[in-house]
Every structure is written in C-alpha cells, then in structure tokens.
*Asks:* 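Take a look at this one; I'll ask things after.
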Amino acid sequence: MKSKKNTLKLRKKYLGPSLSLAYSEPLKILRGKGQYLYDEKSKEYLDCVNNISHVGHCHPAVIQAAHEQNQLLNTNTRYLHDNIVELAEKLCSKLPKPLDICYFVNSGSEANELALRMARAYTGSDSAIVLDNAYHGNTDSLINISPYKFNSKGGQGKPKHVEVVPMPDLFRGEFNNPKTAGKQYAHAVLEAINKQGEGSTFIAESILGCGGQIPLPNDFLAESYKWIRASSGVCISDEVQVGLGRVGSAYWGFETQEVIPDIVTIGKPLGNGHPIAAVVTSAEIASVFNNGMEYFNSFGGNPVSCAIGLSVLNVIEQEGLQQNALNVGNYLFSELSLLKDKFSLIGDVRGAGLFIGIELVEDRKTLKPATEKAKLITDKMKELGILLSTDGPHNNVIKIKPPLVFTQDNAKLLVDSLSTLLV
C-alpha cells in the first residue's frame, strides 16, 4: 500500500486541481462498515455526512446482490431482463400517481439533465426558474441552472433563460413567519413566470442542500407549483439528497410539502455508493418525450445496478430505516436545540430526519457568519473521530446527513463531542 504522502503526491500529479479534498489535513480512507470509515492506520471515524452510503457502508445485502448478479450478466438494456422492471415496479410503488414511468441513469447529475430534456420537450421552452444557491449537477446545462456554481468563483453568472428566486430561508431571508412565509416566498416564482412567459420549468430540492440544509416553509411548493402549472410549466423535485426515507416522516421530501411533482429525480442513495440514479415521471410526459428520438443509455438500468438498487429499497423496508431516520433525527434535533440554548455560536438548528444543518454565527443579531469557526470545528471533530462538513452560501452551516443506520448512541456522541468545541 502506498503511503498517504505518496498517494497525495500522485493525486496532485495526475488528477485535476479542481477536484477538491475534505479537511485541512486530508484523510486516506481504506474501508467502511455501516456508519463507520477506517483510515490507513485503522483509525475509526463516525461518518456523519456520507448520504451516498444510504443504508450503511458495504451493507452485506447490497454487496451480495451485486456479487450474485455480476457472476451472471451485466449488459445494456436492449435485452429483456427482470431486474430493471422489478426495480421500476418497486420504485413506482413508493411514489404517488401519476408518477409511474421510470428511466434509469448513472448519477444525480444525469438524472437532472434528463429531467430538463423531458421538461423542454413537454413545454417547448428552455425557460427555467431556480432557487438561489441551488445546485443540481455538474453538466453544462445543470451548471447553468445552479446559482451555487454560476454565481461563485469561476462561474459566468445567470444565463438569459434562467430566473433565480430567493431561497425561502426562515433564518436569514426576508420573511420569517412560518405560517405565512411559504406563500410570500412563492410570490417570487410568480414574478419570475411573468418575466419568462408560459412554459417555465421549476426545479427545486424539497429540502435545500448546498443552500444550507434549509427545509422549505409550509405552502412554498404548493403555491409555487400552482403558479407554474397555471402557466403550462413543469415542476421537478430534485430528491437526489433527501429521497428514500431520509426525512423520516415521509419517503420523499416533497411529501412533507403535500405536493406531487411532474418529474422526480433520484440519485446517490439508490445505489448505496454504486452509480445508479433514476427519473420518474407521468405517462403523459413520457409520451411527449417519445418524439421519435430514441433514448438510450449504455449503463443506465443494467442488471447489476438494478439488482443493487432493488436491494437498497428492500433494506430500507426490512431494517425500518425510514423510521430510524425519524426517531434518531428527532433525538438529534432535540439535543442540538439544547446546545443552541447553551451556546450563542449556534444561530439556527434546522432540518428533517437525518438531514440537519447547524448554522454558526458570530452574532445572533447581525447574523454575521462564523465561517472560520465552522471550518475549525469540522477539522477538530475529525481529530475526535467524527466526520462532518460545511456548506451554505457562507460555508458556515455544519451539515449532518449520515447513513440511515446511524443510532441514538452515535447521535449522543456527536452532540457530546460538539459541545466540547463550541465556545
């Protein structure tokens, strides 16, 4: 095995410099199990931020499903195979009508890219409405609808076909009353429609990730969807980070808003670390998308990926992981709220299930972001064997989104360790 120093040297030599690493002192991780990761010295780290390994690192049922199918066949979808239809059937059973037509791809970015194509085919327009600080993927067209990228270093600003509306942020935003803020923020969507005309695509995460782990206020999506549909537009819910039971109280984040999107995109959690993602839409939109141009994907929906996806859905059910996300998430949220009462550095605690953000501020009146302290705390927590990261427009939000096998004891360790660093 190469030394950590040599691995880092080779990475700098052969990999693009824009490919970032976590932490001031990078980790070299060699294996994982459940909610734990282990470095080259076998030091154990509690993984509080890896929402890709949805049902836990190296879950034996997922590994077994991949191994068994790999021994039999892996090929493209031009042949009939049970795995793809069984996964589609299972996935659709978790979604409300009329969401019952699936397309399988390889990543969340690819899912959102395909969703945009479908929306454009259906509306005849490339107009898009997005939330400020949103991130939807790494392709060129997705960077163009991701203010998190196009308004940051290296970005080229907002394209003409895109309108950006304010994040519905109850902590920092213009409107703060939970009873009325949803409709107030949604009015900006109506204003964007008035600028663009009919046929806009509205794409939003059901809980904002890169925006700073922000749950949407009640009625925001319902009101926004109403305006979009009244103007012959399409509503896309990006569930790449929060889908498949992570929010605890529901299987999908959009369900917490009591809406049904026209298109849903699903990514990271579905493969538990394996590259598989999905787009689910209605028969009506799928029919319009079937305009004579074949849709084909060499690897999307292959038998191995589908076997893995199906095993992930089964594990969520069999191990009660959605309920665990609710129970442990509620406990963690409660304990973190107590820390907020004790330490003025914590300005806000927010989230749902096992998708929680802690916003750090220098001053609760001015809300000056405590960016450097947030970075210092995540580095110090790493030294204590607990992995966290930061996000948000000011990089001052500590984000917590662990594998769904995270336990109450894990949550207690996280809170107790964090409390030693908050001053």
Side-chain angles (χ1 to χ4, degrees), residues 20 22 47-54 107-113 115 130-139 142-143 145-152 155 164-173 185 202-217 220-221 224 236-248 250-257 261 264-271 277 325 329 332-333 348-360 369 371 374 378 387-404 406:
S20 64
D47 186 355
C48 300
V49 75
N50 198 325
N51 65 329
I52 295 174
S53 295
H54 195 63
S107 69
S109 290
E110 198 176 341
N112 281 332
E113 177 82 21
V130 299
L131 301 181
D132 201 7
N133 296 299
Y135 173 68
H136 295 292
N138 60 24
T139 67
L142 296 178
I143 294 296
I145 64 162
S146 297
Y148 181 77
K149 291 295 186 182
F150 67 61
N151 279 335
S152 63
V164 179
V165 300
M167 287 195 304
D169 182 354
L170 294 176
F171 183 63
R172 287 184 175 272
Y185 281 113
F202 176 59
I203 180 169
E205 294 174 284
S206 50
I207 301 180
L208 309 188
C210 292
Q213 313 292 100
I214 296 174
L216 303 177
F220 174 74
L221 283 188
S224 298
I236 301 173
S237 182
D238 181 339
E239 294 281 330
V240 169
Q241 290 210 57
V242 300
L244 304 180
R246 176 164 292 278
V247 299
Y251 205 78
W252 307 102
F254 68 78
E255 291 176 306
T256 66
Q257 288 270 309
V264 174
T265 56
I266 304 154
K268 313 172 192 289
L270 187 58
L332 180 55
F333 190 91
D348 194 30
V349 175
R350 54 185 179 250
L354 287 174
F355 195 79
I356 294 173
I358 309 167
E359 180 154 359
L360 303 187
T371 302
T378 56
L387 303 183
L388 294 163
S389 62
T390 61
D391 219 326
H394 308 288
N395 245 354
N396 66 320
V397 180
I398 295 175
K399 56 184 179 182
I400 302 170
K401 46 179 188 172
L404 296 195
F406 204 70

*Asks:* For Ser206 and Gly253, which heavy atoms make the closest approach, and how far apart are they?
*Replies:*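 Looking at all heavy atoms of both residues, the closest pair is OG-CA, 3.2 Å.
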
*Asks:* How far does CD of Glu110 sit from CG of Asn112, to the nearest 0.5 angstrom?
*Replies:*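 One gets 11.0 Å once the value is rounded to the nearest 0.5 Å.
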
*Asks:* Decide side chain to side chain contact (heavy atoms under 4.5 Å, CB included) for Thr256 and Val247; before the verdict, give the C-alpha distance in whole Å, the side-chain angles of both, and the deciding distance to 0.1 Å.
*Replies:* CA-CA 9 Å; Thr256 66; Val247 299; 4.2 Å; yes

*Asks:* Could you tell me whether the side chain of Leu208 reaches within less than 4.5 Å of the side chain of Leu216, counting heavy atoms only?
*Replies:*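 The answer is yes; the side chains approach within 4.5 Å.
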
*Asks:* Specify the closest pair of heavy atoms between His54 and Gly243, including all atoms of both residues, with the distance to one decimal.
*Replies:*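 Heavy atoms only, the tightest pair is CE1-O, 3.7 Å.
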
*Asks:* Grab the two heavy atoms, one from Asn50 and one from Asp47, that are nearest each other, plus how far apart they are.
*Replies:*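 Where Asn50 meets Asp47 most closely, the heavy atoms are CB-OD2, 2.6 Å.
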
*Asks:* Under the side chain to side chain donor-acceptor pair (under 3.5 Å) test, which residues partner Glu205, sequence neighbours left out?
*Replies:*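 Partners of Glu205 under the side chain to side chain donor-acceptor pair (under 3.5 Å) test: none.
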
*Asks:* Below 4.5 Å, heavy atoms only, C-beta onward: do Ile214 and Phe171 meet side chain to side chain?
*Replies:*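 A side-chain contact is absent here, since even the closest heavy-atom pair is not under 4.5 Å.
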
*Asks:* Applying side chain to side chain donor-acceptor pair (under 3.5 Å), name anything that partners Arg172, two or more places apart in sequence or on another chain.
*Replies:*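 With neighbours one apart ignored, the set is Glu359.
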
*Asks:* With sequence neighbours excluded, tell me which residues meet side chain to side chain contact (heavy atoms under 4.5 Å, CB included) with Val130.
*Replies:*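 Once residues adjacent in sequence are excluded, the partners of Val130 under the side chain to side chain contact (heavy atoms under 4.5 Å, CB included) criterion are Ile145, Pro147, Val162, Val164, Ile203.
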
*Asks:* Quick one: does Thr371's side chain have a donor or acceptor within less than 3.5 Å of a partner on His394's backbone?
*Replies:*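 Yes, Thr371 side chain to His394 backbone: donor-acceptor pair under 3.5 Å.
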
*Asks:* Does the side chain of Tyr135 come within less than 4.5 Å of Asp391's, by heavy atoms?
*Replies:*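 A side-chain contact is absent here, since even the closest heavy-atom pair is not under 4.5 Å.
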
*Asks:* Sequence neighbours left out, what passes salt bridge (charged side-chain N to carboxylate O under 4.0 Å, His left out) with Asp132? Give chain and number order.
*Replies:*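 Partners of Asp132 under the salt bridge (charged side-chain N to carboxylate O under 4.0 Å, His left out) test: none.
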
*Asks:* Kindly determine whether Gln213 and Asp348 satisfy side chain to side chain contact (heavy atoms under 4.5 Å, CB included), including the steps that lead there.
*Replies:* CA-CA 11 Å; Gln213 313 292 100; Asp348 194 30; over 6 Å; no

*Asks:* For Thr390, which of Thr378, Ile358, Leu360 qualifies under side chain to side chain contact (heavy atoms under 4.5 Å, CB included)?
*Replies:*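 Output: one option passes, namely Thr378.
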
*Asks:* So how far is it from Ser107 OG to Leu270 CG, rounded to the nearest 0.5 Å?
*Replies:*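 Rounded to the nearest 0.5 Å, the OG-CG separation comes to 12.0 Å.
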
*Asks:* At what distance, to the nearest 0.5 angstrom, does NZ of Lys401 lie from CD1 of Ile207?
*Replies:*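 The CD1 atom of Ile207 is 12.0 Å from NZ of Lys401, to the nearest 0.5 Å.
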
*Asks:* Find the distance between CG (Leu354) and CG (Leu332) and round it off to the nearest 0.5 Å.
*Replies:*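 Result: 7.0 Å between the selected atoms.
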
*Asks:* When rounded to the nearest 0.5 angstrom, what is the spacing between CG in Asn51 and CG in Leu404?
*Replies:*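 Those atoms lie 9.0 Å apart.
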
*Asks:* At what distance, to the nearest 0.5 angstrom, does CZ of Phe406 lie from CD1 of Ile400?
*Replies:*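 With rounding to 0.5 Å, CZ (Phe406) is 7.5 Å from CD1 (Ile400).
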
*Asks:* Going by heavy atoms in the side chains, are Thr265 and Asp238 under 4.5 Å from each other?
*Replies:*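 Yes, side chains in contact.
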
*Asks:* ring-ring contact (aromatic ring centres under 6.0 Å, His included) with Phe355: which residues, sequence neighbours excluded?
*Replies:*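 For Phe355 there are no ring-ring contact (aromatic ring centres under 6.0 Å, His included) partners, ignoring immediate neighbours.
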
*Asks:* Going by side chain to side chain donor-acceptor pair (under 3.5 Å), name the residues that satisfy it together with Ser146, two or more places apart in sequence or in a different chain.
*Replies:*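 Result, side chain to side chain donor-acceptor pair (under 3.5 Å) vs Ser146: none returned.
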
*Asks:* Do Gln241 and Lys268 make a side-chain contact, defined as non-hydrogen atoms from C-beta onward lying under 4.5 Å apart?
*Replies:*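 Gln241 reaches Lys268 side chain to side chain.
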
*Asks:* Which atoms form the tightest heavy-atom contact between Ala277 and Gly108, and what is the distance?
*Replies:*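 Looking at all heavy atoms of both residues, the shortest contact is CB-N, 3.9 Å.
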
*Asks:* If I compare all heavy atoms of Pro217 with all of Tyr185, which pair ends up nearest, and what's the gap?
*Replies:*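 Looking at all heavy atoms of both residues, the closest pair is CG-CD1, 4.3 Å.
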
*Asks:* Are any non-hydrogen side-chain atoms of Phe202 and Ile236 less than 4.5 angstrom apart?
*Replies:*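 A side-chain contact is absent here, since even the closest heavy-atom pair is not under 4.5 Å.
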
*Asks:* Hey, does Leu387 have a side-chain heavy atom less than 4.5 Å from the side chain of Pro402?
*Replies:*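 With C-beta onward as the side chain, the pair stays apart.
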
*Asks:* How close do Phe333 and Gly351 get, counting heavy atoms only, and between which atoms?
*Replies:*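 Heavy-atom minimum between the residues: CE1-N, 3.9 Å.
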
